[in-house]
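First up is the structure itself, then whatever we jot down about it.
Letters A, B, ... are given to chains in the order of the sequence lines, protein chains preceding strands, and every chain is numbered from 1.
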Amino acid sequence: MADLVKLTINGKEVEVPSSYTVMDAAYKLGIDIPRLCFLKGINETSACRVCVVEIQQGPRTMIKNSCTVKVADGMVVRTNTERVHRAVKLNLQLLAANHKFECWRCPREHNCEFLALLRKYDIDNVMGESKWFSKKAPITNFSDAFVLDSSKCILCGRCISACQKLAGTGVLDFNRRGFVTFVSSALNHEIEDSGCIYCGKCIQACPVGALREKDDLDKVEELLESDNYTVVQMAPAVRAALGEEFGYPMGTNVEAQMYEALEKLGFDDVTDVNFGADVTIMEEGTEFLERLGKFLKGEEVVLPMFTSCSPGWIRYIETYYPEFLPNLSTTKSPQQIQGALTKHYYADKIGVDKKNIKVVSVMPCIAKKFEAKRPEMEYDGIRDVDVVITTRELARLIKRHDIKFTELKGTTPNSPIAKYTGAGVIFGATGGVMEAALRTVYAKLEGKELSDPDILDVRGVDNGIKEATIKVKGLDVNVAVVHGAVNIPEMMRRIKEGKKQYHFVEFMACTGGCVNGGGQPIVNAKVQDETDVRIERAKALYSLDKANKIRVSHENPVVKELYKEFLETPCGHKSHHLLHTSYTKREEYSK
Amino acid sequence: MAVKFVMKDEQVKELKERIAEHKQKPGPLMPTLHDAQRIFGCIPVQVQKLIAEELGESVAKINGVVTFYSHFSIEPKGQHIIGVCLGTACYVRGSQQILDAISGELKIKAGETTEDGLFTLEATRCIGACGLAPVFTIDGKVYGSANPTVARKALEEYLQK
C-alpha cells in the first residue's frame, strides 16, 4: 500500500499516493497545467518552466515547477493566480524568442504543442524582436531520411532523452552552452555517420518542428504529373494511424478510405505491401526451415536467425553488432520485395514497360527512406522503390489536394498484388512477423495448419523482449521478439551467454513495432501519457487479421500464382536476385 | 586548422591506462577528459570516440561535456598559449590594445592558432590579477602592468627560443 497524502489545489482537497508529483495530483482533479518539456517516463528534467505553480510552504509562497516536485501532506497549491500566470507568460516569451516562426511551412503546424501554448496564453513575441535574445545562425543537419533545424529548437531536451531511453543510441545531445547551445550529434557531425538508426523517436518526441523527416512530397507530385506509370504501395501500419491526421480516434482502421484517397491523388495503380509481407514470409520462412534442417542434421549453420524487415534494426546491427550480420535473414523487407515484384513481375502482367513504372511507398518509418536508397536495392539497373513518404507526408498530400478524407466511402484496389492475408497485415505490430512466420513454418513442417492461428505469446508491449516456445514435430522451437532498440543489447547478451538455444528472433527498432514508427502521426505528449499508442493502433491490425478469411501467407492465392508462374520456388534462383540482399558493417564517426 | 591532429599510439595507451583507473570510481568522465586534454592537447571527435568506447557512453554525450567547459578544446592548440585578459579592470586600462597588437604581430584573431602551431591567442575573462591590470599571460606566466610594447618584447623572447 502506497502512502497517501492530502493536499489542496485551488481550494480543492485531494488524496493521492506520496509518489505523485504536483502535476499528477492536479490532473487527477481535472486541473490543467501547461507543459512542454515533460514527457512521462522519458524526459522529466524540468527544463522549460512552463508548468510552474504557486506552492505555499509555511509562511512563504514559492513558484515551483509542478512536473517534478513531489506532493507533500498539507501542501497548498494554486495554479490560477496572477503570479503564476505572469510567470508562465514570461517563460513562454523567453522560449518564443529562441524559435523561428514559419508555421505556414512547418510540418507541425496543425499539432504543434508550442504554438498551442502561445495561442492559449496570447503571447507577444517581444523578446524575439530584441537583438539580444533573438537566435543566431541556425545549425542544420540533413540526410536522406532526417532533417534537424536548430532554428525551431527550444532546447527542451525531449529528443535527447527519447534517443537515449527508447533507441539506446544517444546520438543527439546538447552541444556547447549558454546562448549558443544547440542540439545535434557531436559537433553537428553528419547524422548519417553518427550512429543514428533513423527510428525517428526524436521526431515523435519533439514538441515543435525542429526534427522532421526529409520531405519528399515534391518528388511525388512530379511523378504524378509525369508520363510514368505510378504505382503506390503502403505498409500495414499506415492504415492503423492515417485516420488520426483527419480527426479519427486512435486505432481507427481507414484502409478503404486510404485506397480511395490514393486513387483520387492520381496514382495509376494501388497495391499493398501486405502482399509483399506475405511473400516475405515465404522467403524468410523457407530460409529459416533450411537453416533449421541443417541444424537438426548437426551441420554447421548460423542460428538463431534474425528477421530483416525493420530498416532501423538493420542500421542498428550494422553499426553496433556487425559480428551478428550472418544471423540476419537475407530476405529483403516487404517494401523492397513489393517494389521489386511490381517492376519485374507485375509490369509484364499489366503490359507496362518496367522502366516506366515508378513505385511510391507510404511508410510509417523514416528509415525506409534510407533503405530504398541503399545501393543494393535494385536489379538490372532498376531501383526497387523510387520514392518513400511517411504516413504524415501522405496526410499532408491528401490535404494539399483538397480531398475530403472523412467523406470518402472507400474502395478496394483492383490490383492482384494488393491481395493479402491476415498474416501479412500483422507485420505492423511487434511480434507480427514472428507470428506470421510461425503460422507458415508450422504448416510446412507439420503438414497441417495451427489449430489456433493466434499466437498470443509473441504479442503485446509489456515486455521489451518476449520469449516463446512452439512445439513443432516434437522439436521445441525457441523464439524471441525484441522491440525498441534500447532492448537489443540485452537480447544480444542472452544470445552470447548461450544458456538457451534460440532459433528465430524478431527485431523491430521501434517499441511496439511499425505502428509506433517514426513516420506515424505525432501524438501530443499529454495524450501519450493517457493512452498507449502502440496498443491502440495494433488493435486495428489484429482485427483486420481476424476478419481475413485467409490467415496464413502460403494460402494467399496470388502468392501461389506468383510462385507457380514466375518465382518457381521460395529462395530459388529468381528470388535470390530479386528478393534477397546483403548487409554492410558500419562504423559511427568514421568520416 | 593550422595543426593536423594525429593520435599517437603511446598517447592512446596512456589514456586507456588512465581510464581503467578512473573507472574504479564513480564519475569517471571528468577526470578522463582532464587527462585527455593534457595528453593530446585537445579533445577532437577522434578522441571523444575512443573515450566513448572505453566508458560505454555515446559520442554525443562526451561531446556535450567537452563543449560545455571552456577548459577543454576541440581543435589542437599551439605550443604556447597567450591569454589576454579582457576583464573589466584590464579592459579599462587598455588590454584591447594589447590584444590587437599581438593579433597584428602573429596575424591571427583571438581564438586562433598560428600556422606554424607555435602560438594560440585567447581572450580570457578576469584572471584575478586586477591589481596588475592590464595583464596578459603566456603559458601561465603573468605579465603585469603591460602595454603593446611589453607584449611585442615578450613575443620576441619566445620566438628566439
Side-chain angles (χ1 to χ4, degrees), chain A residues 45 47 139 141 146 148 150 153 155 157 159-197 199 201-202 211 316 319-322 485-486 489-490 492-493 586-591, chain B residues 1-7 12 15-16 19 27-30 32-34 36-37 40-77 86-87 109-113 122-126:
Chain A
T45 54
I139 312 276
N141 203 328
F146 174 83
L148 179 151
S150 78
C153 176
L155 302 175
C159 54
I160 298 173
S161 301
C163 189
Q164 277 165 2
K165 293 186 185 162
L166 296 172
T169 42
V171 171
L172 297 174
D173 212 317
F174 292 113
N175 277 260
R176 307 185 68 186
R177 69 195 277 183
F179 285 118
V180 290
T181 309
F182 67 92
V183 174
S184 186
S185 49
L187 300 179
N188 200 29
H189 189 83
E190 56 185 290
I191 205 81
E192 171 80 46
D193 187 45
S194 302
C196 175
I197 61 169
C199 65
K201 292 302 114 191
C202 52
L211 305 168
Y316 191 97
T319 312
Y320 299 100
Y321 289 95
V486 71
E490 167 60 18
M492 294 310 192
R493 193 195 61 75
R586 287 171 206 280
E587 201 185 336
E588 51 175 342
Y589 291 92
S590 57
K591 281 179 199 162
Chain B
M1 291 287 159
V3 187
K4 196 176 175 325
F5 180 77
V6 189
M7 284 200 285
V12 173
L15 183 63
K16 281 188 175 171
I19 293 175
L29 180 56
M30 285 308 283
T32 299
L33 291 180
H34 278 286
Q37 178 74 36
F40 295 100
C42 59
I43 315 180
V45 170
Q46 281 161 281
V47 179
Q48 290 178 17
K49 194 176 158 187
L50 175 72
I51 297 171
E53 276 162 18
E54 294 291 315
L55 292 181
E57 296 281 1
S58 78
V59 180
K61 188 171 177 184
I62 307 287
N63 177 70
V65 180
V66 170
T67 55
F68 185 87
Y69 294 106
S70 59
H71 175 73
F72 305 126
S73 59
I74 296 295
E75 277 164 28
K77 286 189 178 176
L86 291 186
K109 285 187 210 134
E112 291 179 351
T113 301
E122 285 173 351
T124 68
R125 304 271 160 169
C126 179

Could you check if a side-chain atom of [X] sits within less than 4.5 angstrom of a side-chain atom of [Y], using non-hydrogen atoms only?
X: C196(A); Y: F146(A); answer: no
X: C199(A); Y: L166(A); answer: no
X: Q46(B); Y: F40(B); answer: no
X: I62(B); Y: K49(B); answer: no

Tell me, for [X] versus chain B, whether the close heavy atoms (under 4.5 Å) come from the side chain, the backbone, both or neither.
X: T169(A); answer: backbone
X: Y589(A); answer: both
X: L187(A); answer: both

Need one label for [X]: side chain, backbone, both or neither, based on atoms under 4.5 Å from any heavy atom in chain A.
X: Q48(B); value: side chain
X: I74(B); value: side chain
X: K61(B); value: both

Residues L50(B), K16(B); criterion side chain to side chain contact (heavy atoms under 4.5 Å, CB included); working and verdict: CA-CA 9 Å; L50(B) 175 72; K16(B) 281 188 175 171; 3.8 Å; yes

query: Going by the angle between their ring planes, with limits at 30° and 60°, are Y320(A) and Y316(A) parallel, tilted or perpendicular?
result: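 Tilted.
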
Greatest number of heavy atom pairs closer than 4.5 Å to chain A - which of A52(B), A60(B), S58(B):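 Highest number of heavy-atom pairs under 4.5 Å: A60(B).
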
